[in-house]
Peer 1: 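There's a structure below that I have some questions on.
Just so you know, residue 1 is the first one in the sequence shown, and it goes up from there.
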Amino acid sequence: MDLLKAIIPAAGQGSRFMPYAKAIPKEMLPLLDKPAMHYVAEEALAAGVRDLLVVTGPSKGSIEDYFDQTQAWREYAQTAGKTQQFAGWLHLVENLQFSYVRQSEPLGLGHAIWSARGLIGKEYFGVMLPDDLILSKTPGLLQLLRVARQERASVIAVQEVSRDLLSNYGVIEVRKQITPNLFQVGSLVEKPDSKSAPSNLAIIGRYVLSHKIFGALDELLEQDHGSELQLTDGIASMIRQGEKLFAIKVSGMRYDLGTPLGWLKATIGMASQDPRYATQVREFLGSLDSIDSFVYNHGKVLEHYEQ
Ligand code: UTP
C-alpha cells in the first residue's frame, strides 16, 4: 500500500486564536522560522506522500502564497547567500504537488475532508491536521502507514490523555490490544464526558483512511448532524459498515498548536532544543525567575512599566 495523497484541512475558523485568526490563518503561525504548515508538509513528504490536498477557506490565501512555486521564487531561493535559508522550502516545493480545495464555510472537520473527495480515488490516503505538530525520528504519518500496510486497514493516531481532558477529544473504545502501542478499535466517541469515556486514548491529528469514508460522510450529510460534521462520526460509521480500524500510540513529541498556550509551549520547546537558539533561550528562561512582578497582565502592559 503506497500513500501518495494526504489531505491537510486548514479551513477552520480558529476561534481559539481570535482575533489573530481573523486575518492570518492559525496554520501559518510561525514556529521558529517556518509556519506550522511547513512542518506538516515536511512530515508528509518524509512519509512518502507526493500529493498534498489542502482544504482552505476565506482568509487562508497566505497558505497558497507560502507554497507558491513560481520560477522566479525558485531562482531567488537559489541565489548566492539564500540557498541555506531556503533549502527546506525548496525541498518541499520541488517534491510535493499542491492542490487546493475550497470549503467556503467551516462546517466541521468531516465536512472539510468530504470537500476533497473529488481528488481521491479508490485508495487509502492520509489526513494530517496542521495544528497537531508531531516531532519524531520516524515521521508520525509513516508510523500509521506501516500499520495500514500490515493490516490493510484504516489507522488513526492516539495519545493517552488525563481523564479531565478527554472531553476535548474523540476517544476510542478498544476492541483488542495487539501490542503495548497498537489497538484494534471497536468504536469511537466524540468529546465524551470523563465518566463515560470508553478509554483514555484520545484521537490526535493523523489518520490513514480508506476511501470508504466518503460514502459514510455522504450518508451523515443527509442526516441531521448538527452545526458541524465530525470526522469521528464518519469513521465510527465506516467501522459499523465493516472497515477495520486500528489505533497507534504515536511515538515522538506532540504539540497542540490549536491554542495560544500550546503554540507557546511548542515554540519554547523547539527553541530550547535547536542548536541555533538553545543556549540563549535557556539563559533567557532562567533569567525570568528573577522578575518579581508581572509587567504584562492579560493584554495590558502595567502602567509603571510604560514610564
Ligand atoms: P480545529 O477544530 O482544531 O480547528 O480543527 P478550528 O475549528 O479552526 O479551531 P477552533 O476550534 O475554532 O479554535 C482541526 C483542523 O481542521 C481544520 C482546521 O483548519 C484545523 O487545521 N478544519 C476544521 C477545517 O478545515 N474545516 C472545518 O470546518 C473545521
Peer 1: Tell me whether Q84 at atom CD has more than 12 heavy atoms from other residues, nucleotides or ligands lying less than 6.0 Å away.
Peer 2: no
Peer 1: Could you tell me the separation between the NE2 atom of H211 and the NZ atom of K5, rounded to the nearest 0.5 Å?
Peer 2: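 Here the rounded value is 12.0 Å.
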Peer 1: Quick check: does any side chain N or O of K60 sit under 3.5 Å from a backbone N or O of A10, one acting as donor and the other as acceptor?
Peer 2: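 Answer holds: yes.
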Peer 1: How many angstroms lie between CG in L231 and OH in Y207, if you round to the nearest 0.5 Å?
Peer 2: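 Answer rounded to 0.5 Å: 5.0 Å.
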Peer 1: Counting distance only, does the side-chain N/O of R74 pair as donor-acceptor with the main-chain N or O of Q69 below 3.5 Å?
Peer 2: yes
Peer 1: Check this for me, if you would: do D274 and R276 make a salt bridge, where the nitrogen-to-carboxylate-oxygen distance has to be below 4.0 angstrom?
Peer 2: yes
Peer 1: Return yes if some donor-acceptor pair links the side-chain N/O of T70 with the main-chain N/O of W73 below 3.5 Å, else return no.
Peer 2: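 Yes, T70 side chain to W73 backbone: donor-acceptor pair under 3.5 Å.
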Peer 1: Do side-chain atoms of R206 reach the backbone of L141 as a donor and acceptor pair under 3.5 angstrom?
Peer 2: no
Peer 1: So, Y255 versus Y39, ring centres under 6.0 angstrom or not?
Peer 2: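 No, ring centres 6.0 Å or more apart.
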Peer 1: In this structure, are over 12 heavy atoms from other groups packed under 6.0 Å from F284 atom CZ?
Peer 2: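 Open.
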Peer 1: Any side-chain to backbone donor/acceptor pair from R149 onto R146? Under 3.5 Å, distance only.
Peer 2: no
Peer 1: Out of curiosity, K212 NZ to M238 CE, how far, rounded to the nearest 0.5 Å?
Peer 2: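 So the gap between those two atoms works out to 8.0 Å.
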Peer 1: Rounded at 0.5 Å granularity, tell me how far CG in L52 sits from CG in L96.
Peer 2: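 Reported to 0.5 Å precision, the distance equals 4.5 Å.
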Peer 1: Taking atom CD of E64 as the centre, report whether more than 12 heavy atoms of other residues, nucleotides or ligands fall under 6.0 Å from it.
Peer 2: yes
Peer 1: With a 4.5 Å cut-off on side-chain heavy atoms, are I178 and Q184 touching?
Peer 2: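 They are in contact (side-chain heavy atoms under 4.5 Å apart), so the answer is yes.
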Peer 1: Any donor and acceptor pair, going by atom type alone, linking the side chain of S154 with main-chain N or O of S210 inside 3.5 Å?
Peer 2: yes
Peer 1: I'd like to know if I235 and L221 are part of one continuous hydrophobic network [Ile/Leu/Val/Met/Phe/Trp/Tyr, side-chain heavy atoms within less than 4.5 Å].
Peer 2: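 Result: yes, single cluster for both.
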Peer 1: Just by distance, do the side chain of Q143 and the backbone of S251 share a donor-acceptor pair under 3.5 Å?
Peer 2: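 Yes, the answer is positive, given that a donor and an acceptor are paired below the 3.5 Å cut-off.
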Peer 1: Ignoring hydrogens and geometry, is there a side-chain-to-backbone donor-acceptor pair from E123 to G121 under 3.5 Å?
Peer 2: yes
Peer 1: Drop me the distance from K265's NZ to M270's CE, to the nearest 0.5 angstrom.
Peer 2: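 Reported to 0.5 Å precision, the distance equals 15.5 Å.
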Peer 1: If I compare all heavy atoms of G14 with all of A21, which pair ends up nearest, and what's the gap?
Peer 2: O-CB, 3.6 Å
Peer 1: Within the structure provided, determine whether K26 and L257 are in side-chain contact (heavy-atom separation under 4.5 Å).
Peer 2: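 With C-beta onward as the side chain, the pair stays apart.
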Peer 1: I'd like to know if the side chain of S272 and the backbone of R282 have a donor-acceptor N/O pair within less than 3.5 Å.
Peer 2: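 No, because the side chain of S272 does not come within donor-acceptor range (under 3.5 Å) of the backbone of R282.
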Peer 1: Do the side chains of L32 and L285 join up, straight or via other hydrophobic residues, at under 4.5 Å, putting them in one cluster?
Peer 2: yes
Peer 1: Look at the aromatic rings of F86 and W89 and report parallel, tilted or perpendicular, splitting at 30° and 60°.
Peer 2: perpendicular
Peer 1: Which heavy-atom pair separates A116 from V55 by the least distance, and what is that distance?
Peer 2: CB-CG2, 4.3 Å
Peer 1: With a 6.0 Å cut-off (strictly less than), is the heavy-atom count around NZ of K34, excluding the residue itself, greater than 12?
Peer 2: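 Yes - once you tally the heavy atoms of other residues, nucleotides and ligands closer than 6.0 Å, there are more than 12.
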Peer 1: Taking atom CD of E219 as the centre, does the number of heavy atoms from other residues, nucleotides or ligands within less than 6.0 Å exceed 12?
Peer 2: yes
Peer 1: Donor-acceptor pair, distance only, cut-off 3.5 Å: does the side chain of S237 make one with the backbone of D233?
Peer 2: no
